[in-house]
Amino acid sequence: MKITQLPFELNFSSGEKPCDLSYTNPKPWAGYGIDYKRTDAVYFTNEGVAFYIAIPAGAKELSYNLTLLAKEALAGEFIVEYSADFNKWSTLGTYSSSKSFTSNNTFKHALKPDVRYVRWVYSVRVKQNVSLNNISVR
């Protein structure tokens with residue numbers, strides 16, 4: 001991954017693809033275990049799947065859209081985390097059956113000045129897919 005420039009706007013529905021297997025042209029994002037056949041959003045279809053972005057220090061706000069597929073409320077657990085060094089991670093948001101979201105939601109988080117990486121992790125999956133799109137960092 002390479003560090004992106006701000007403002008960072010990533011909308012897979014308008015041309016970018018969640019997975020680029022070309023190592024000669026690194027992107028400021030990477031997926032681990034995502035559904036590589038899908039090109040219109042990041043699809044989390046299994047437990048442990050993650051998606052990362054690399055941003056410059058000084059970003060102030062993150063927003064993104066999460067969509068539940070086939071159910072009205074989240075049954076498992078989905079975590080959004082940040083890091084300054086890609087080693088130690090802290091939580092921005094946790095979504096689960098006790099703090100869920102409906103079928104299609106946009107979320108916003110204030111970012112600390114030292115944030116360099118953000119990741120979305122499907123930590124507990126209960127037979128339900130989640131998609132990620134419309135990531136914005138300013």
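Note that the coordinates shown come from a computational prediction; the quantities given were computed from them, not determined experimentally.
When all heavy atoms are compared, the tightest approach of P28 to I3 is CB-C, 4.5 Å. Residue K108 comes nearest to S63 through the heavy atom pair CG-CB, 3.6 Å, listed as atom of the first residue, atom of the second, then distance. Looking at every heavy atom in both residues, N133 comes nearest to A41 through ND2-CB, 4.0 Å. Here the closest non-hydrogen pair linking L6 and P56 is CG-CG, 3.6 Å. Here the closest non-hydrogen pair linking G76 and Q128 is N-OE1, 4.4 Å. Residues Y117 and I55 share a closest heavy-atom pair of N-CG1, 4.4 Å.
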side-chain contact (heavy atoms from CB on, under 4.5 Å) for L62 and I135? Distances and angles first, verdict last. CA-CA 7 Å; L62 166 72; I135 300 168; 4.1 Å; yes
Between F78 and L66, does the side-chain contact (heavy atoms from CB on, under 4.5 Å) criterion hold? Intermediate values first, please. CA-CA 10 Å; F78 197 87; L66 291 175; 3.8 Å; yes
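T91 contributes no side-chain N or O that, together with a main-chain N or O of G93, makes up a donor-acceptor pair within less than 3.5 Å. When atom types are taken as modelled, the side chain of S83 and the backbone of K88 share a donor-acceptor pair closer than 3.5 angstrom. When atom types are taken as modelled, the side chain of Y36 and the backbone of G33 share a donor-acceptor pair closer than 3.5 angstrom. Here the side chain of N46 pairs no donor or acceptor atom with the backbone of V49 at under 3.5 angstrom. Although no hydrogens or angles enter the test, the distance criterion places a donor-acceptor pair under 3.5 Å between the side chain of R125 and the main chain of T45.
Residue pairs meeting the salt bridge (charged side-chain N to carboxylate O under 4.0 Å, His left out) criterion with at least one member in residues 129-138, sequence neighbours excluded, are E9-R138. Listed by first and then second residue, the salt bridge (charged side-chain N to carboxylate O under 4.0 Å, His left out) pairs that reach into residues 47-70 come to none, sequence neighbours excluded.
Checked against the 6.0 Å centroid criterion, the rings of F51 and F44 do not qualify as a close aromatic pair. In this structure, Y52 has its ring center at least 6.0 angstrom away from the ring center of Y32.
When hydrophobic clusters are built by joining Ile, Leu, Val, Met, Phe, Trp and Tyr residues whose side-chain heavy atoms come closer than 4.5 Å, directly or via intermediates, Y122 is grouped together with L68. In the hydrophobic clustering of this structure, L111 groups with L132; members are Ile, Leu, Val, Met, Phe, Trp, Tyr whose side-chain heavy atoms approach within less than 4.5 Å, directly or through other members. V130 and V121 sit in two unconnected hydrophobic clusters of ILVMFWY residues. Membership requires side-chain heavy atoms under 4.5 Å apart, directly or through other members. Two different hydrophobic clusters hold I79 and F86 under the rule that ILVMFWY side chains link at heavy-atom gaps under 4.5 Å.
Between F12 and W29, the angle of the ring planes goes over 60°, which puts this pair in the perpendicular group of the 30/60° scheme.
With sequence neighbours excluded, no residue satisfies ring pair (Phe, Tyr, Trp, His ring centres under 6.0 Å) with F8. Listed by chain and residue number, E77 satisfy the side chain to side chain donor-acceptor pair (under 3.5 Å) test with S123 (two or more places apart in sequence, or in another chain). Take S90 and apply the side-chain contact (heavy atoms from CB on, under 4.5 Å) test, not counting sequence neighbours, and it matches Y82. Looking at residues two or more places apart in sequence or on another chain, you find a side-chain contact (heavy atoms from CB on, under 4.5 Å) between N134 and N11, N65.
K27 contributes atom NZ, which lies 14.5 Å from atom CD1 of I53 (distance to the nearest 0.5 angstrom). Here the straight-line distance linking atom NE2 of H109 with atom OH of Y64 works out to 2.5 Å at 0.5 Å rounding. To the nearest 0.5 Å, the span separating CG on D35 from CG on N129 amounts to 8.0 Å. Interatomic distance, CG of L92 versus CZ of R119, reported as 11.5 Å (0.5 Å rounding).
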